[in-house]
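Have a look at the structure below, then the notes.
In this text the structure is predicted, and so the values were computed from the model without any measurement. Note: hydrogens, waters and symmetry copies are ignored here, and every other heavy atom, side chains too, is used.
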Amino acid sequence: MTTGFHIVVCGSLVPDPLQTLQPMMGASGTPELKSEMMLPSVLDPWAGHALYEAANLAKNTPGSKVWLVSVGPKARLQQLMMTLAQKVPFELVALDGSASGFIDAGSVANVMSDAIEGLTDLDRSRLLLFGGCASASRDAGATMQMVGERLSIQDQFLSVDQLTAQADGSLKILERIEGGQYLESVCEGPPVMVGWATGTLPEPKNNPQVGMMNMRTIMPALQKAQPAAVSADGVVFANVEVPQQRRDTRIVKDVSADEIARELVEWIKS
């Protein structure tokens with residue numbers, strides 16, 4: 001690949017999973033989390049994997065560029081960017097709208113695909129559309145497929161842990177399947193949609209130089225963030241509640257993977 005990739009990552013914020021999340025029915029009849037606007041936010045973990053993999057691929061492929069398209073309340077996106085901007089280089093496309101987990105995935109896909117189509121310097125023939133294979137808040141693994149369809153991307157891969165750009169321009173992709181196995185696929189090249197699982201990279205360390213470079217474009221992007229018409233219109237929620245079957249987290253050290261797996265299996269069977 002001599003011209004590089006144009007990588008668009010879709011991802012936004014979610015409530016910090018270490019907080020107590022209590023769903024409730026709002027006054028308008030739409031579900032919401034109790035005190036949702038007061039909860040601290042983090043980057044959606046699956047979207048984070050997608051962003052870090054995108055940045056690593058761009059770093060190793062000269063001529064590449066990374067965009068991050070996010071739908072969320074503008075003020076909260078700004079807070080998130082204070083930390084995220086120091087991780088990896090990217091150009092933010094901010095859309096000012098709800099980041100609630102009870103918003104219709106199709107509505108989110110519409111505004112995201114419109115925003116991507118509006119990127120004037122995006123070369124669709126070099127496009128890698130990245131996102132999480134699911135979201136920690138807003139969908140059941142459907143948003144990225146719909147964004148890909150709206151952008152006429154037919155090659156779509158989900159639960160991906162590894163993508164390798166090969167010398168002939170093709171892409172080798174490993175998708176998770178049952179039994180801890182991988183499905184290996186090779187496609188000719190972009191455009192493709194990739195829904196990432198956990199990938200293979202750790203969270204990058206903060207780099208103040210990257211932060212200063214990113215903030216030159218992030219602040220203007222936040223200032224001109226367009227309202228995003230996302231909603232749950234047409235969706236009826238009969239009830240919302242936390243799962244009845246819960247498992248208390250234990251924090252321990254020096255436990256083997258086999259022992260952790262055995263404990264999880266025993267809990268699932270119980």
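- The side-chain heavy atoms of S107 and D233, taken from C-beta on, include no pair separated by under 4.5 Å.
- Panel note: side chain Q22, backbone K34; no donor-acceptor pair is recorded below 3.5 Å.
- Heavy-atom minimum distance, W46 versus A134: CB-O, 3.5 Å.
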Exercise. Determine, stepwise, if the pair E149 / Q156 fulfils side-chain contact (heavy atoms from CB on, under 4.5 Å).
Key: CA-CA 9 Å; E149 289 293 330; Q156 301 195 359; 3.6 Å; yes
Self-check item: Q79/S41 under side-chain contact (heavy atoms from CB on, under 4.5 Å): CA gap, chis, key distance, verdict
Solution: CA-CA 8 Å; Q79 294 175 353; S41 300; 5.9 Å; no
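- Y182 and I173 end up in different hydrophobic clusters when Ile, Leu, Val, Met, Phe, Trp and Tyr side chains are linked at under 4.5 Å.
- Panel note: side chain T61, backbone A58; no donor-acceptor pair is recorded below 3.5 Å.
- Between the side chains of S256 and D258, no donor-acceptor pair is found at a separation under 3.5 Å.
- Residues L122 and E117 fail the side-chain proximity criterion, which asks for heavy atoms closer than 4.5 Å.
- Checking side-chain atoms of E32 against main-chain N and O of M25 turns up no donor-acceptor pair under 3.5 Å.
- Q223 contributes atom CD, which lies 8.5 Å from atom CD of Q78 (distance to the nearest 0.5 angstrom).
- Side-chain atoms of H6 and R124, non-hydrogen and from C-beta on, never get closer than 4.5 Å to each other.
- Follow the hydrophobic side-chain contacts under 4.5 Å out from M146 and you never reach V160; the two are in separate clusters.
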Self-check item: Steps toward side-chain contact (heavy atoms from CB on, under 4.5 Å) verdict (M82, M215)
Solution: CA-CA 8 Å; M82 293 298 108; M215 293 310 290; 3.2 Å; yes
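- The CG atom of L95 sits 9.5 Å away from atom SG of C10, with the distance rounded to the nearest 0.5 Å.
- Nearest approach of G4 to R126, heavy atoms of both residues: O-NE, 2.9 Å.
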Could you tabulate the donor-acceptor pairs under 3.5 Å formed by side-chain atoms of residues 186-199, not counting sequence neighbours?
| unit_1 | atom_1 | unit_2 | atom_2 | d |
| --- | --- | --- | --- | --- |
| T198 | OG1 | D161 | OD1 | 3.4 |
| T198 | OG1 | R176 | NH2 | 2.6 |

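- Under the 4.5 Å side-chain criterion, counting only non-hydrogen atoms from C-beta, I7 is in contact with L57.
- Screening I116, V147, V93 against V8 for a side chain to side chain contact (heavy atoms under 4.5 Å, CB included) leaves a single residue, I116.
- Without hydrogens or angle criteria, Q226 side chain to K224 main chain gives a donor-acceptor distance under 3.5 Å.
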Practice problem: List the steps, then state whether side-chain contact (heavy atoms from CB on, under 4.5 Å) holds for L13 with R76. | Solution: CA-CA 8 Å; L13 52 88; R76 304 189 76 184; 3.8 Å; yes
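- Heavy atoms only, all atoms of each residue included: L33 and M24 are closest at C-CG, 4.4 Å.
- For the side chain to side chain contact (heavy atoms under 4.5 Å, CB included) criterion with L84, the lone passing option out of L77, N214, L43 is L43.
- Between the CG atom in L163 and the CZ atom in F157 there is a gap of 8.5 Å [rounded to 0.5 Å].
- Criterion: ILVMFWY side-chain heavy atoms under 4.5 Å apart, direct or through other members. Under it, I260 and V265 are not part of a common hydrophobic cluster.
- In this structure, M112 CE and M144 CE are separated by 7.5 Å, a value rounded to the nearest 0.5 Å.
- Summarising the geometry of P31 relative to F102, their closest heavy-atom pair is O-CD1, 3.3 Å, with the distance given to 0.1 Å.
- Of all non-hydrogen atoms in F90 and M81, the two that sit nearest each other are CZ-SD, 3.9 Å.
- Atoms CE and CG, from M212 and N207 in turn, are 8.5 Å apart once rounded to the nearest 0.5 Å.
- Residues V88 and M213 do not share a hydrophobic cluster, defined by chaining ILVMFWY side chains whose heavy atoms lie under 4.5 Å apart.
- In the model, N206 has a side-chain atom that pairs as donor or acceptor with a side-chain atom of K87 under 3.5 Å.
- In this structure, L183 shares a hydrophobic cluster with I177, the cluster being traced through Ile, Leu, Val, Met, Phe, Trp and Tyr side chains under 4.5 angstrom apart.
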Without placing hydrogens or testing angles, list every side-chain donor-acceptor pair under 3.5 Å for residues 65-75, not counting sequence neighbours.
| unit_1 | atom_1 | unit_2 | atom_2 | d |
| --- | --- | --- | --- | --- |
| K65 | NZ | E91 | OE1 | 2.9 |
| K65 | NZ | D121 | OD2 | 3.0 |
| S70 | OG | G11 | O | 2.5 |

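- A donor-acceptor pair under 3.5 Å is absent between the side-chain atoms of S113 and the main chain of L151, judged by distance alone.
- To the nearest 0.5 Å, atom CG of residue D96 and atom CG of residue L222 are 9.5 Å apart.
- Pairing each heavy atom of S231 with each of I103, the nearest pair is O-CG2, 3.4 Å.
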